[in-house]
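To start, the structure under review is shown below, and the notes come after it.
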Amino acid sequence: MTLRLYNTLTRRIEPFEPLHPGRVALYTCGPTVYNYAHIGNFRTFLFEDLLHRWLQASGYDVFHIMNLTDVDDKTIGHATAAGKSLRQYVEPYIEAFHEDRKYLRIEDASVYPRATDHIPAMVGLVEKLLSQGIAYRGEDGSVYFSIARFPAYGRLSQLENRELKAGASERVSTDEYSKEDVRDFALWKAPGPSDETVGAVWDAPFGRGRPGWHLECSAMALHLIRERWGVEVLDIHAGGVDLIFPHHEDEIAQSCAFTGREEFARVWMHGEFLKTGGEKMSKRFGNITTPRDLREDGVDAGAIRLLMFQVHYRQQFDLTDQGLQSAQEGSRRLGEFQNRLLERRAAADAPAFEEAAERLDRELTGALDDDLNAPRAVAAMFAFVTAGNAALDAGQQAGPRAAAAWERAEGVLGVTSQVRVMKVTQRAEAGAAQEIAELSPTPPSDALEAERWAREWALRRARHKSARNYAEADRIRTLLGGHGFHIRDSKDGSIEVVRTGVAR
RNA sequence: GGCGCCGUAGCCAAGUGGUAAGGCAGAGGUCUGCAAAACCUCCACCCCCGGUUCGAAUCCGGGCGGCGCCUCCA
């Protein structure tokens, strides 16, 4: 069984074969840092994280480039409005992006190049296209790519069988007159007034200006993979479906014209949208949710990843409260099991675990090798949980084999919530007994203090319970439950206080 | 208008020719002072019509419904 991936270029699932055995050059389109990225953007980054992790788990040396777009109409527009330089304006959002991706357990890419750090590479690319006559200077001082001189244009988006909607875009207007063909796109843009103010202008032999949208990806990708491995074709290029046209189409055109090769990337992968209320989540529609919002609500990232990975990446799906709750519950169950499995790990595996582990390994590999079928991979984890819990209930022991299989699956998917369990034993009561004083019915805001608070209450409940004062014991249980601390009595008389979700 | 995707249980969602994975919710049971956790059991003929086939959720044609791209939007 080998890895098979859906390639947008051929519209088929095909066996994945990197250009050079054992290593993969992966480029993924990152965020435009003019604002906080929303969870829809992160759906794509999460899909790319899964790709990244699975390639690594499959033994590949992965060179993963994720760009940060820090110069475009939006960043310039917002910087202007804020009265800041481009660099100043963008900085906090870059930081926020990294915070968010760490929260969502998205592993580090190899490099995060910023567009404005690679202007020379872009200038070099434009110069070459100009000298080849594939690019030309318009009357407005911008440099355009001539589609007429690049016959292969349109393969990715199957443009040859398309018609543009009649009179569709009014935006063609502004620069239309200086372009030879409406479909030509800007490689380099003549500076506008605010470009100068925010410092988004660079000198170039063909005139002062700033890079067009698509240029950065080609220039940085080609520059970085040449530097790293001396190659000029990517193995995989990934992004959201909305980038297929024109962004990726244009990247292919300028890159291939530049390198003289037929391919810019061998495999093109695109993740589908996240919707809310039946519509694409987008800042334009104002229907966004950000990772920060979810973190505020105490949602464990494992639940978000589970939610995303329960749907195939090429399928649209709607984010709903019910869906999120359902994922939180499932992710919690995985967390409970993980605790059980790793705590009671024995020196050897019972046959039931040998078998379940073998099955999990096999099913995980089969699922992810099949165009990253994460829903099936997740299902395999749940099957392991059910079998594992049953075996544990029956007194069978889980050993290194079971732990390894679990860790491999969780290591790739990362869908498990942290479930913190505090054991409160009656013996500890001695120390607490003297402070019978008042105990607030609401927890302190500090997470650690809150835990201590919950423990206190749990001890009180234990006393009431041994005195058979069940009414009071139940009242305390309800009280704690209302603040996210769940009480569990176990047979040996000890009490567990269980906490799920992230501390705020 | 062009190109493309989707329609499977109360909700979400795999499966793409051989008789319906998984999650959540729900019902019953084991355990428990009661709970919780966990386990066991139960819960679908796959939007409609027609066709191909020994056999279709899966292929073809036609409907109906939803979404996306054609807009520097992941």
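Throughout, a chain's letter reflects where its sequence line sits, starting with A, and its residues are numbered from 1.
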Check the pair A:Thr416 / A:Glu410 against side-chain hydrogen bond (donor to acceptor under 3.5 Å, both in side chains), numbers first and verdict last. CA-CA 7 Å; A:Thr416 299; A:Glu410 172 60 13; 2.7 Å; yes

Does this structure show an ion pair linking A:Glu272 with A:Arg43, if we count only N-O contacts that are shorter than 4.0 Å? no

OP1 or OP2 of B:A38 under 4.0 Å from side-chain N/O of A:Arg332: yes

Applying salt bridge (Lys or Arg N to Asp or Glu O under 4.0 Å), run through A:Arg105 and A:Asp49 and close with a yes or a no. CA-CA 9 Å; A:Arg105 307 180 189 169; A:Asp49 182 51; over 6 Å; no

Touch check for A:Lys283, heavy atoms < 4.0 angstrom, all strands: base, sugar-phosphate only, or nothing? nothing

Find which nucleotide of RNA chain B each of A:Phe317 and A:Val385 is nearest to by heavy atoms, and output the residue with the more 5' nucleotide. A:Phe317

Test item: A:Asp184 and A:Phe145 side chains (from C-beta on) under 4.5 Å apart, heavy atoms: no

Identify all side-chain donor-acceptor contacts of residues 317-325 of chain A below 3.5 Å with residues at least two apart in sequence or on another chain.
{"unit_1": "A:Asp318", "atom_1": "OD1", "unit_2": "A:Gly277", "atom_2": "N", "d": "3.0"}
{"unit_1": "A:Asp318", "atom_1": "OD2", "unit_2": "A:Gly278", "atom_2": "N", "d": "2.8"}
{"unit_1": "A:Thr320", "atom_1": "OG1", "unit_2": "A:Gly323", "atom_2": "N", "d": "2.9"}

What distance, rounded to whole Å, do you find between the two C1' atoms, one in B:C60 and one in B:C70? 29 Å

Should the pair A:Arg210-A:Glu216 be classified as a salt bridge under the 4.0 Å nitrogen-to-oxygen rule? no

C1' gap between B:C45 and B:A9, integer Å: 11 Å

What verdict does the salt bridge (Lys or Arg N to Asp or Glu O under 4.0 Å) test give for A:Glu336 and A:Arg333, after you've listed the backbone C-alpha separation in whole Å, the side-chain angles of each residue and the deciding distance to 0.1 Å? CA-CA 5 Å; A:Glu336 303 262 16; A:Arg333 198 174 136 220; over 6 Å; no

Using atom names, set out every protein N or O paired with an N or O of nucleotides 21-24 of chain B below 3.5 Å, distance rounded to 0.1 Å.
{"unit_1": "B:C24", "atom_1": "OP1", "unit_2": "A:Arg333", "atom_2": "NH1", "d": "3.4"}
{"unit_1": "B:C24", "atom_1": "OP2", "unit_2": "A:Arg333", "atom_2": "NH1", "d": "3.4"}
{"unit_1": "B:C24", "atom_1": "O4'", "unit_2": "A:Ser326", "atom_2": "OG", "d": "3.1"}

Residues from residues 470-477 of chain A lying under 4.0 Å of RNA chain B - heavy atoms: A:Tyr470, A:Asp474, A:Arg477

Pairwise P distance, B:A25 and B:C34 [rounded to whole Å]: 23 Å

Taking B:G68, B:G33, B:A13 as options, the one with an atom nearest any side-chain atom of A:Val311 is B:A13

Could you tell me whether A:Asp369 and A:Arg376 have a side-chain N and a carboxylate O separated by less than 4.0 Å? no

Measuring only the P atom in each nucleotide, how far is B:G65 from B:G28? A whole number of Å is fine. 41 Å

Using purine N1 to pyrimidine N3 plus N6-O4 or O6-N4 for Watson-Crick, or N1-O2 and O6-N3 for G-U wobble, both under 3.5 Å, which nucleotide pairs with B:G50? B:C60

As its Watson-Crick or G-U partner within any shown strand, both distances under 3.5 Å, B:G17 has none

Watson-Crick or G-U wobble partner of B:C39, both distances under 3.5 Å: B:G29

Could you tell me whether A:Gly239 contacts a base, only the sugar-phosphate backbone, or nothing, with contacts defined as non-hydrogen atoms closer than 4.0 Å? sugar-phosphate

Between A:Arg340 and A:Asp393, does any side-chain N to carboxylate O distance fall below 4.0 Å? yes

Sticking with atom P, work out how far B:G10 lies from B:C43, rounded to a whole angstrom. 14 Å

Which nucleotide, if any, forms a Watson-Crick or G-U wobble pair with B:C67, using both distances under 3.5 Å? B:G4

B:C12 and B:U53: how far apart are their P atoms, nearest whole angstrom? 37 Å

Quote, to the nearest angstrom, the P distance that separates B:A20 from B:C47. 16 Å

Respond yes when some side-chain nitrogen or oxygen of A:Asn389 is under 4.0 Å from OP1 or OP2 of B:C39, and no when none is. yes

Remember a base hit wins even if backbone is also touched, and classify A:Glu496 as base, sugar-phosphate or nothing at under 4.0 Å, heavy atoms. nothing

What contact category does A:Leu243 fall into here, base, sugar-phosphate, or nothing, at under 4.0 angstrom with non-hydrogen atoms? sugar-phosphate

Decide yes or no, distance alone: a donor-acceptor N/O pair under 3.5 angstrom between the base of B:C12 and the side-chain of A:Asp318. no

Decide, yes or no, whether a salt bridge links A:Asp300 with A:Arg332 under the criterion of side-chain N to carboxylate O below 4.0 Å. no

Sticking with atom P, work out how far B:A13 lies from B:C54, rounded to a whole angstrom. 36 Å

